[in-house]
Amino acid sequence: MLDLLRAAPLIDGHNDLLWELRQGRDPADPTLMTDLPRMAAGGVGGQFWSVYVPSDLPADRAVTMTFEQIDALLDMVRRNPDRLELARSADDVERIAAAGRVASMIGVEGGHAIGGSLGTLRVLAELGMGYLTLTHNDDTRWADSATGEHSHGGLTRFGEEVVREVNRCGWLVDLSHTSDDTMRQAIEVSAAPVIFSHSSARALCDVPRNVPDDVLELVGRTGGVVMVTFVPSFVAAEGAEFNQVGWAEARRVRAEHPDDPEAVRKAMDAWFEANPGPHATVSDVANHVDHVREVAGIDHVGIGSDFDGAPTMPEGLEDVSRFPVLLEELASRGYGDEDLMKIAGRSVLRVMREGKRTRTRLRAERSPSKATIEELDTA
């Protein structure tokens, strides 16, 4: 199975190691799910590294912290030249993976990172942003989150312009964490296929973070990819109830500390430590792969683990060395080598190439947008 993963190559849509390191975790901490030797053992050829920062930060602080997270990623790459290399294209990924290194890409997790500025978005693109997740847990000023207040009914006019500008920059629109309306509207606006970097199927686990069947069908028709996540509360059926209880607790804590987001984070960290969530298995994750394949099609399934972004992972998928276990489970269900290679990474490479082709066309058609949120959303 390792030979197949290396040939694909395996591309993981989401890893939160950088945030854990920012929180003071020692890279050698054995409770972390990610390190370079285990990535090699797991056959990882490409990694979208999340440069996540909290979505409740003031705009200027969100932008600054995002650049700090990118700086941390670039430093990690510089310190490990034999293991890591920054990738800016599908060709880069294939070349770097073939040389035995991990092609490292920047996943900007949350539209709050651009601070309401298309100029900031373009600077992130110049730095090598692989995708922009339009929201995180809170609504932005221009898009609704799956777990926010849904204050816009999806995308605002400026939100639509963000999608168009991501297309023009040649990077990927990521719809994990977004509301159903944002998902549908972004797919309609986008001139290139979209991705879900770390989401699963809502039909099997009824949580807002997962993708409903009508959107899965849209993803299939428009050429996108849903990168199935491993997070137990998003793949086990019991996750629906756990998520309801967890968000009720989050609302209570926010009401108790309305002006202290750090107190809210600490309280919720303590709550999740005391309430680790449902148990899940490799089979649960494979069931979601099955469902996305059935509704969207085999060309529209990928892998987005979210390692180091959740307290626990499914039994059998405990860390980055365990990707082959999932592919072996899928093989046992009748997936052939070609299908497995698509899931592992080839479908994502296809979408990346389509994004670059779209960039070439759009840059010939129009200049960078100078629109502001005030111009478009104040009427």
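- A salt bridge links Arg141 to Glu374: one of the charged nitrogens lies within less than 4.0 Å of a carboxylate oxygen.
- Arg164 is linked by a salt bridge (charged side-chain N to carboxylate O under 4.0 Å, His left out) to Glu161, counting only residues two or more places apart in sequence or in another chain.
- Looking at Lys342 and Asp299, a side-chain N of the basic residue comes within less than 4.0 Å of a carboxylate O on the acidic one, giving a salt bridge.
- The other residues sharing a hydrophobic cluster with Leu57 are Trp19, Tyr52, Val53, Met65, where clustering joins ILVMFWY side chains under 4.5 Å apart.
- The CG atom of Leu32 sits 10.5 Å away from atom CG of Asp319, with the distance rounded to the nearest 0.5 Å.
- Once rounded to the nearest 0.5 Å, the distance linking CG of Asp377 with CD of Glu160 reads 9.0 Å.
- With sequence neighbours left out, Phe196 forms a ring pair (Phe, Tyr, Trp, His ring centres under 6.0 Å) with no residue at all.
- Applying the ring pair (Phe, Tyr, Trp, His ring centres under 6.0 Å) test to every pair with at least one member in residues 69-115, sequence neighbours left out, gives no pairs at all.
- A search for ring pair (Phe, Tyr, Trp, His ring centres under 6.0 Å) contacts involving His300 returns nothing, not counting sequence neighbours.
- With respect to Glu328 and Arg322, no salt bridge is recorded, no charged nitrogen being found less than 4.0 Å from a carboxylate O.
- Looking at Glu329, its side chain never comes within 3.5 Å of a backbone N or O of Leu327 through a donor-acceptor pair.
- Listed by first then second residue, pairs satisfying side chain to side chain donor-acceptor pair (under 3.5 Å) with a partner in residues 221-236 read Glu217-Arg221, not counting sequence neighbours.
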